[in-house]
Amino acid sequence: MLDIQSIIIFLALGSFVGVVAGLFGIGGGGLIVPILTMFLLSHEFGGDEVVQISLATSIAVISITSISSFRAQHKKKAVRWDIFKMIAPGVIVGTFMFTFVASNINSFYLSVFFSIFMLYAAYKMFFGKKAEGEGTIIGRSGQFFAGFGIGGISALVSIGGGMLSVPYLVKQNIDMKKAIGTSSAIGFPLAISGTLGYIINGYSHTSIDTMMLGYVYVPAFVCIAFASYLTAPIGVNLSHKLPIVMLKKIFGILLLILSIKMMLELI
């Protein structure tokens with residue numbers, strides 16, 4: 001299936017994902033999963049587990065692109081490492097365990113859950129208000145279970161967790177900048193755990209001929225990760241020049257359309 005046209009498509013997708021990630025400060029799963037799913041379906045690749053392949057490839061991309069993000073946040077001293085140490089174990093366990101759940105769900109039902117979550121994401125981009133602090137830092141066990149839930153949902157929709165973890169941290173009276181910084185740090189072990197889980201669960205699909213490592217489609221992973229890593233700084237620069245509020249609404253509509261289209265093509 002891999003040819004020059006496919007490589008160009010993957011690089012173009014990665015370039016767009018990188019700009020969007022830099023522009024809005026979110027992961028690219030909302031774009032990668034539906035577009036890659038439709039691409040694989042059009043090439044009759046992946047069979048009944050096409051959504052699992054897209055989720056795994058997307059979260060593998062996040063494991064690479066999150067590195068530069070959390071390193072930059074660490075240099076700015078924007079990471080609450082004390083909170084990270086409490087929440088990360090739950091995130092790792094939740095993400096890993098829910099890759100087993102995702103691997104045993106029919107692609108159509110998995111796409112329905114994905115679409116519902118993207119509807120939530122679109123709603124937050126249109127009408128969501130900034131989270132406000134209203135409590136104190138919760139204990140270690142509470143952080144673990146919160147991390148477990150964040151990781152579990154992230155594994156099912158292939159996101160870095162920021163859409164869930166940032167408001168969760170802000171609710172505990174953590175400064176917004178440090179909530180974002182801490183969330184970016186959380187995204188790295190989350191993505192590594194998710195990638196490992198999808199590789200283990202899809203081990204029977206591993207093949208040099210199809211260029212699969214578990215459920216991860218290696219050519220798409222390499223091209224998308226490479227391009228998005230290069231273009232993310234462009235998005236960051238644009239975020240200081242463009243009307244982000246209006247762009248978020250447009251992007252929310254795009255996420256919703258893509259996820260619904262993916263679901264319809266699986267029927």
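Residues: numbered from 1 along the sequence shown.
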Main-chain N/O of [Y] paired with [X] side-chain donor or acceptor, under 3.5 Å:
X      : Y      : result
Ser228 : Ala225 : yes
Ser183 : Ile180 : no
Thr57  : Phe221 : no
Thr37  : Ser54  : no
Ser115 : Ser259 : yes
Ser193 : Leu190 : no
Ser184 : Gly181 : yes

[X] atom [atom1], neighbour heavy-atom count above 12 within 6.0 Å:
X      : atom1 : value
Phe226 : CZ    : no
Phe100 : CZ    : yes
Met97  : CE    : no
Phe108 : CZ    : yes
Leu264 : CG    : yes

Using every non-hydrogen atom in the two residues, find where [X] and [Y] come nearest and quote the distance to one decimal.
X      : Y      : answer
Pro34  : Gly29  : CD-O, 3.8 Å
Val79  : Ala185 : CG1-CB, 3.9 Å
Met212 : Gly214 : CE-O, 3.4 Å
Ser63  : Ile67  : O-CG1, 3.5 Å
Ala179 : Leu169 : O-CD1, 3.5 Å
Phe10  : Ala220 : CD1-CA, 3.7 Å

I want to check something: taking the side chain as every heavy atom from C-beta on, are [X] and [Y] in contact at a cut-off of under 4.5 Å?
X      : Y      : result
Arg80  : Ile174 : yes
Phe84  : Ile186 : yes
Leu258 : Met38  : yes
Tyr215 : Ile199 : no
Val33  : Met262 : yes
Phe98  : Phe148 : yes
Ile137 : Asn173 : no
Phe96  : Val93  : no

What's the separation between atom [atom1] in [X] and atom [atom2] in [Y], rounded to the nearest 0.5 Å?
X      : Y      : atom1 : atom2 : value
Leu13  : Ile8   : CG    : CD1   : 13.5 Å
Glu49  : Leu40  : CD    : CG    : 12.5 Å
Ile150 : Thr95  : CD1   : OG1   : 9.5 Å
Ile62  : Thr195 : CD1   : OG1   : 8.0 Å
Asn104 : Leu110 : CG    : CG    : 11.0 Å
Leu11  : Ile224 : CG    : CD1   : 9.0 Å

- Task: Could you tell me whether Phe114 and Phe117 have their ring centroids closer than 6.0 angstrom?
- Result: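 No, they do not, as the ring centres are separated by 6.0 Å or more.
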- Strictly under 6.0 Å, is that where the ring centroids of Phe39 and Phe45 end up?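 Judged by ring-centre distance (under 6.0 Å), Phe39 and Phe45 do not meet the cut-off.
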- Item | Lys177 and Asp175: CA distance, side-chain angles, deciding distance, salt bridge (charged side-chain N to carboxylate O under 4.0 Å, His left out) verdict | CA-CA 6 Å; Lys177 290 183 179 179; Asp175 175 75; over 6 Å; no
- Who pairs with Ser58 by side-chain hydrogen bond (donor to acceptor under 3.5 Å, both in side chains), at least two apart in sequence or on another chain?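 With sequence neighbours excluded, Ser58 shows a side-chain hydrogen bond (donor to acceptor under 3.5 Å, both in side chains) to Ser158, given in chain and number order.
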Hydrophobic cluster membership, [X] vs [Y], 4.5 Å side-chain cutoff:
X      : Y      : value
Leu41  : Ile105 : yes
Ile59  : Ile200 : no
Ile92  : Met86  : no
Met211 : Tyr203 : no
Leu196 : Val157 : no

- Item | Contacts of Tyr229 that satisfy ring-ring contact (aromatic ring centres under 6.0 Å, His included) - sequence neighbours left out |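 If we apply the ring-ring contact (aromatic ring centres under 6.0 Å, His included) test to Tyr229, skipping adjacent residues, there are no hits.
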- Might you work through the side chain to side chain donor-acceptor pair (under 3.5 Å) test for Ser107 and Asp48, ending with a clear yes or no? CA-CA 6 Å; Ser107 279; Asp48 295 334; over 6 Å; no
- Query: side-chain hydrogen bond (donor to acceptor under 3.5 Å, both in side chains): which pairs involve residues 137-157, sequence neighbours left out?
  - Reply: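 Only Gln143-Tyr168, Gln143-Gln172 qualify under side-chain hydrogen bond (donor to acceptor under 3.5 Å, both in side chains).
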- Over 60° means perpendicular and under 30° means parallel, so classify the ring planes of Phe70 and Trp81, tilted if in between.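 Perpendicular: the ring planes of Trp81 and Phe70 meet at over 60°.
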